[in-house]
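What follows is a set of notes on a single structure, which appears directly below.
Since the model is a prediction, treat every value here as computed from it, not as a measurement. Counting begins at 1 with the first residue of the sequence. Just follow the structure's listing: the first ligand is 1, and inside any ligand the first atom is 1.
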Amino acid sequence: MRRNKKRDANFAEVNPLHGKTIILGVAGGIAAYKACDIASMLRRAGADVHAVLTPNAKEFVTQLSLTTITRNTAHCEQFQAQADWKPEHIDLAKKADLILVAPATADIVAKMAAGMCDELLTTLILASSAKVMIAPAMNPKMLDHPATQNNLATLQNHYRYDLIQPDYGELACGDFGTGKMASVETIVAAVAARLLEHRTLSGKKIIVTAGGTREPIDPVRFIGNRSSGKMGIAMADAAYARGAEVTLISTVEVDRAYQVLMVETAHEMQETVEAEFDGCHALVMTAAVADFRPLGFSDQKIKKTVKEDFSLELTKNPDILDLLGRIKRDEQFIIGFAAESEELLSNAAQKLKRKNLDMIVGNDITVPDIGFGSDDNAVIILSADGSKENLPRQPKRAIAEHLCDIIAARFSELETLPTH
Ligand code: C5P
């Protein structure tokens, strides 16, 4: 059969999700009315959408609306009498490429985290090996409650479900805060990105360092810093999602599917990075490595002295990036981070040059609410080729995605270069 390439390309543009089966799980919150728009947009993008409502969701939106919009029977009952011998939901669970729960209420988030399956939607989620994405929508206090936060962390970190962050705004209950379901467009874009995800870093080994080092003074005390490790973990997660073989060398404990090597001091970090470096394609040093460590380590806890003053002699730590910048091969890509409290641009530019890096990501630590400990950052990216880019405030994961784009573009450039 002759194929019309132009028509195929056009079809893919209009129907990017053609051939993808999506289960749209709708839980019982007021934002359930938006599920109709989500279903419609996904269907128009070419997806085969099957809506599954929790019994509570039927209080907000009807099965008939979702059946009409998706052009597939919307399900709700777990124990429906059926014509066929085969439980329909198991078939649906098997053929789904992705399960999107939107809106995800605090209740369904808790059930999912606990692995409960007392109605059709949670049963399908347990019975499926499809990707799962959740778009929470709830009152800000419910979202903020440690129970909900723990459940969301379990879904993200243990089950590797994707969270589509709720927005800040006025909620149906009249309260202002974070908890409003992300916009329909944001949700559909996130689903499309997940389904069409390009494994742009597949076959590449990427080392990421994260967290702040701790330099021991005695058995109970150390010199540390405020780094939370969030930027490095976001970077490792993003690279892993793109198919990279990731090694995260971290001072912060995390439970991930990729390799995580725990270290404490700058020396341990140096030894571990050096051991991994030769075989890596890229090194991303987000870790805040202590520049100095106590010259001596006291085996016993240091007692309060009779004198008013106590001085601790410090000695310089090795600069890991500086050492690796000297031995790196041309095809290896090294990214450093520069947290600065003054002269961001010139200090970052100097470090880029001095440490022989390919790129440096600078952030101004005097700006309130971003950087250390925060989920957001705003950075400036300087490259060895002289280019400069400003990324305004955004989630650390979004910054990580941008850095992954740059790394992937660099690798594909190298691959297209003539070998001699
Ligand atoms: O010179 P400065 O410490 O500000 O440079 C920051 C960058 O250098 C970060 O990427 C950090 O991980 C790295 N670094 C290092 N070894 C050190 C200190 C910092 O690799 N001892």
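- Gln156 contributes no side-chain N or O that, together with a main-chain N or O of Leu163, makes up a donor-acceptor pair within less than 3.5 Å.
- Taking 4.0 Å as the cut-off between side-chain N and carboxylate O, Arg221 and Asp218 count as a salt-bridged pair.
- Atom CD in Glu253 sits 5.0 Å away from atom CE in Met262 (nearest 0.5 Å).
- Of all the atoms in ligand 1, the ones that sit under 4.0 Å from a non-hydrogen atom of Gly336 are 10 (O).
- The nearest heavy-atom contact from the protein to atom 19 (C) of ligand 1 is Val289 CB, 3.9 Å.
- Under a 4.0 Å criterion applied to the non-hydrogen atoms of Met285, ligand 1 contributes the atoms 9 (C), 10 (O), 12 (O), 15 (C), 20 (O).
- Within ligand 1, counting atoms from 1 as listed, the ones closer than 4.0 Å to a heavy atom of Leu321 are 7 (C), 8 (O), 10 (O), 13 (C), 15 (C), 20 (O).
- A tilted orientation is assigned to the rings of Tyr168 and Phe176, their planes being inclined by 30° to 60°.
- For Pro318, every heavy-atom contact with ligand 1 shorter than 4.0 Å involves the backbone, none the side chain.
- Closest to atom 16 (N) of ligand 1, if we only count protein heavy atoms, is Ile320 N, 3.0 Å.
- For atom 6 (C) of ligand 1, the nearest non-hydrogen atom of the protein is Phe337 O, 2.9 Å.
- At under 3.5 Å, a nitrogen or oxygen of Lys355, whether backbone or side chain, sits near a nitrogen or oxygen of ligand 1.
- The closest heavy-atom contact to atom 2 (P) of ligand 1, among the options Met269, Lys351, Gln270, His267, comes from Lys351.
- Between Asp358 and Lys328 there is a salt bridge, since at least one side-chain N of the basic residue sits less than 4.0 Å from a carboxylate O of the acidic one.
- If you look at Asp291 next to ligand 1, the close heavy atoms, those under 4.0 Å, all belong to the side chain.
- Counting protein heavy atoms only, atom 11 (C) of ligand 1 is closest to Ala287 O, 3.3 Å.
- Here Arg242 pairs with Asp405 in a salt bridge; the nearest charged N to carboxylate O distance falls below 4.0 Å.
- Separation of atoms CE (Met112) and CG (Leu126) is listed at 9.0 Å; rounding is to 0.5 Å.
- Using a 4.0 Å cut-off between a side-chain N of Lys or Arg and a carboxylate O of Asp or Glu, Asp107 and Lys111 qualify as a salt bridge.
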